[in-house]
Amino acid sequence: MVVMAAKKACEMLSKSMFEEVQRWGCMKQTGVSLRYMMEFGSVPTERNLLIAAQFLHKELPIRIARRAIELETLPYGLSEKPAVLKVRDWYLDSFRDMRSFPEIKGTNDEKEFTQMIKAIKVRHNNVVPMMALGVQQLKKELGPKIVHEDLDEIHQFLDRFYMSRIGIRMLIGQHVELHNPNPPPHCVGYIHTKMSPVEVAQNASDDARAICLREYGSAPAVNIYGDPNFTFPYVPTHLQLMVFELVKNSLRAVQERHMDSDRVSPPVRIIVADGIEDVTIKVSDEGGGIARSGLPKIFTYLYSTARNPLDEDSDLGTGEAVIMAGYGYGLPISRLYARYFGGDLQIISMEGYGTDAYLHLSRLGDSQEPLP
């Protein structure tokens, strides 16, 4: 009898919870620009932090609710996959935490709220590999019947889902970082107001080469061309992630193409150009290129030329081990990071020779967040 009552209570809860998620998911999202985040955060007074927390208290549940609803209604039975159910539960837990937090009236409330959203960000750390695992489970089930065109709906969902995740993490991370009592020089939260793209490219290349060395025993050189003193406002962690991904792909292509040759592998070249509207970073390699028929696939979430690390090690701990190549998410997610602040990523390939990747970063910082 008690079990029945508990079950009924649970169903009631999920029904009222579901209705609330639906209600919030219909509300309008509010985007912010890099410039606004920078100007607003440059004076993190108690009053400004309070205003920001009150904005997030209303904005985050809207964004989280939208994703939770989408996770319920995915095609091909993807919503029922155990990994996807786990992600959905993370979103519902976070929605519940946000909604049960009372109105933010003063500095103490704001500090407590900041701790809570910090915990939400940690809870969602493994969303990307967990969703990848869910898609992997679906792919296994569909087997050879799978046609990339059929999965268009899933790609579009994942683009929206990951773009929204970038936005949520940027807003939370930015707010939490503004509480840092000793921010690094020229930093406003996550944003570096005088970021040197050449310096970030150097760090990302060093990281990518270290992984290539570990995996293959050697690594091609990376030559960087551009003015190291040139700076502009951007989020270094985003740029690091994108350049790392591009350089890692180039190193792998060059390494595998020239593995049995006695000659020294040709270097990967990075060119940083400073334009009026855009800062463009080009990563060029002589790794043999990609066949034209394969180009449309490189931005899909179901394609990787490397073996899949998720099959071998499906226990996703909290560690974010970096793998040389794998579940084919690097390029599509890098493109979303570029687009998040109004930039883009294009890949141009010469089969039989090599590949050029063009990473365009918007210079003006005025573009609004794209809100899926």
Can you check side chain to side chain contact (heavy atoms under 4.5 Å, CB included) on E245 and R335, steps first, answer last? CA-CA 10 Å; E245 188 57 42; R335 184 166 68 175; over 6 Å; no
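- The backbone N or O of G354 lies less than 3.5 Å from no partner atom in the side chain of D285, so there is not a single donor-acceptor pair.
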Using the rule given for side chain to side chain contact (heavy atoms under 4.5 Å, CB included), can you reason through M131 versus F157, listing the C-alpha separation, both sets of side-chain angles and the distance that settles it, and then say yes or no? CA-CA 11 Å; M131 281 304 288; F157 156 71; 3.5 Å; yes
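- Under the 30°/60° scheme for interplanar angles, the aromatic rings of H360 and Y358 are found to lie parallel.
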What pairs of donor and acceptor atoms, side-chain ones from residues 217-237 against any protein atom, are under 3.5 angstrom apart with sequence neighbours left out?
from : atom 1 : to   : atom 2 : distance (Å)
S218 : OG     : Q255 : NE2    : 2.8
D227 : OD1    : N229 : N      : 2.8

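- Looking at residues two or more places apart in sequence or on another chain, you find no side chain to side chain donor-acceptor pair (under 3.5 Å) involving N203.
- Residues forming a side chain to side chain donor-acceptor pair (under 3.5 Å) with D159 (at least two apart in sequence, or on another chain): Y301.
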Verdict with supporting geometry, H175 and E110, side chain to side chain contact (heavy atoms under 4.5 Å, CB included): CA-CA 11 Å; H175 186 73; E110 188 275 324; 2.9 Å; yes
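- By the 4.5 Å heavy-atom criterion applied to side chains, L345 and Y337 are not counted as neighbours.
- Contact annotation: the side chain of H179 never approaches that of Q115 to less than 4.5 Å [non-hydrogen atoms, C-beta and beyond].
- In terms of heavy atoms, A83 sits closest to Q137 at N-OE1, 3.6 Å.
- In the hydrophobic clustering of ILVMFWY residues, with side-chain heavy atoms under 4.5 Å counting as a link, I166 and V122 come out apart.
- Using a 4.5 Å heavy-atom cutoff, the side chains of I168 and I120 are not in contact.
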I'd like a table of donor-acceptor pairs (distance under 3.5 Å, sequence neighbours excluded) in which one partner is a side-chain atom from residues 42-65, with atom names and distances.
from : atom 1 : to   : atom 2 : distance (Å)
S42  : OG     : E39  : O      : 2.7
T45  : OG1    : N48  : N      : 3.1
E46  : OE1    : T107 : OG1    : 3.1
N48  : ND2    : V43  : O      : 2.9
Q54  : NE2    : I104 : O      : 2.9
H57  : NE2    : F101 : O      : 2.8
E59  : OE1    : T30  : N      : 3.1
E59  : OE1    : T30  : OG1    : 3.4
E59  : OE2    : T30  : N      : 2.9
E59  : OE2    : R63  : NE     : 2.8
E59  : OE2    : R63  : NH2    : 3.4
R63  : NH1    : E369 : OE2    : 3.1
R63  : NH2    : T30  : O      : 2.9
R63  : NH2    : E369 : OE1    : 2.8

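- The environment of CD in Q346 is crowded: more than 12 heavy-atom neighbours from other residues, nucleotides or ligands sit within 6.0 Å.
- At distances below 3.5 Å, at least one donor-acceptor pair connects side-chain atoms of S349 with backbone N or O atoms of I290.
- Residues G41 and V188 share a closest heavy-atom pair of C-CG1, 3.4 Å.
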Do K15 and E19 pass the salt bridge (charged side-chain N to carboxylate O under 4.0 Å, His left out) test, and can you show the C-alpha distance, the side-chain angles, and the key distance before you say yes or no? CA-CA 6 Å; K15 189 171 184 305; E19 281 167 2; 2.9 Å; yes
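- Within the 4.5 Å cutoff, no side-chain heavy atoms of F341 are placed close to those of L361.
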Assess whether salt bridge (charged side-chain N to carboxylate O under 4.0 Å, His left out) is satisfied between D278 and R363, documenting all intermediate values. CA-CA 5 Å; D278 280 351; R363 177 96 201 234; over 6 Å; no
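- In terms of modelled atom types and a separation under 3.5 Å, the side chain of T193 and the main chain of H186 share a donor-acceptor contact.
- Remark: side-chain polar atoms of H258 are paired, donor with acceptor, to backbone N or O of E286 under 3.5 angstrom.
- Side-chain contact between Y76 and E141 is absent, with no heavy-atom pair separated by less than 4.5 Å.
- A single hydrophobic cluster is seen to contain both Y36 and M195, as judged by linkage of ILVMFWY side chains at heavy-atom distances under 4.5 Å, directly or through other members.
- Under the rule for a side chain to side chain donor-acceptor pair (under 3.5 Å), the partners of Q202 that lie at least two apart in sequence or sit in another chain are D206.
- Judged by distance alone, the side chain of S79 and the main-chain N or O of L74 form a donor-acceptor pair under 3.5 Å.
- Connection of M27 to L171 is established within a shared hydrophobic cluster, with ILVMFWY side chains joined at heavy-atom distances below 4.5 Å, either directly or through further cluster members.
- When side chains are defined from C-beta on, L71 counts as touching F161, because their heavy atoms get closer than 4.5 Å.
- With contacts defined as side-chain heavy-atom distances shorter than 4.5 Å, the pair M116/I172 does not qualify.
- Put simply, the residue from M130, R67, H124 that forms a side-chain contact (heavy atoms from CB on, under 4.5 Å) with V87 is M130.
- Contacts classified as salt bridge (Lys or Arg N to Asp or Glu O under 4.0 Å) and involving residues 26-37 (residues at least two apart or in different chains) are given here: R35-D366.
- Connection of L371 to I69 is not established within any shared hydrophobic cluster, with ILVMFWY side chains joined at heavy-atom distances below 4.5 Å, either directly or through further cluster members.
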Residues Y329, L158; criterion side chain to side chain contact (heavy atoms under 4.5 Å, CB included); working and verdict: CA-CA 10 Å; Y329 275 35; L158 288 169; 4.2 Å; yes
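- For the pair K86 and D89, the salt-bridge criterion is not met [side-chain N within less than 4.0 Å of a carboxylate O].
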Could you go step by step and tell me if S164 and R66 meet the side-chain hydrogen bond (donor to acceptor under 3.5 Å, both in side chains) rule? CA-CA 9 Å; S164 169; R66 286 186 171 222; over 6 Å; no
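- Donor-acceptor pairing under 3.5 Å is lacking for the side chains of S16 and E20.
- Annotation: side chain of Q22 is not in contact with side chain of E72 (no heavy-atom distance under 4.5 Å).
- M242 and I271 fall into different hydrophobic clusters, defined by Ile, Leu, Val, Met, Phe, Trp and Tyr side-chain heavy atoms under 4.5 Å apart, directly or through other members.
- The two residues S205 and A201 make their nearest non-hydrogen contact at OG-O, 2.7 Å.
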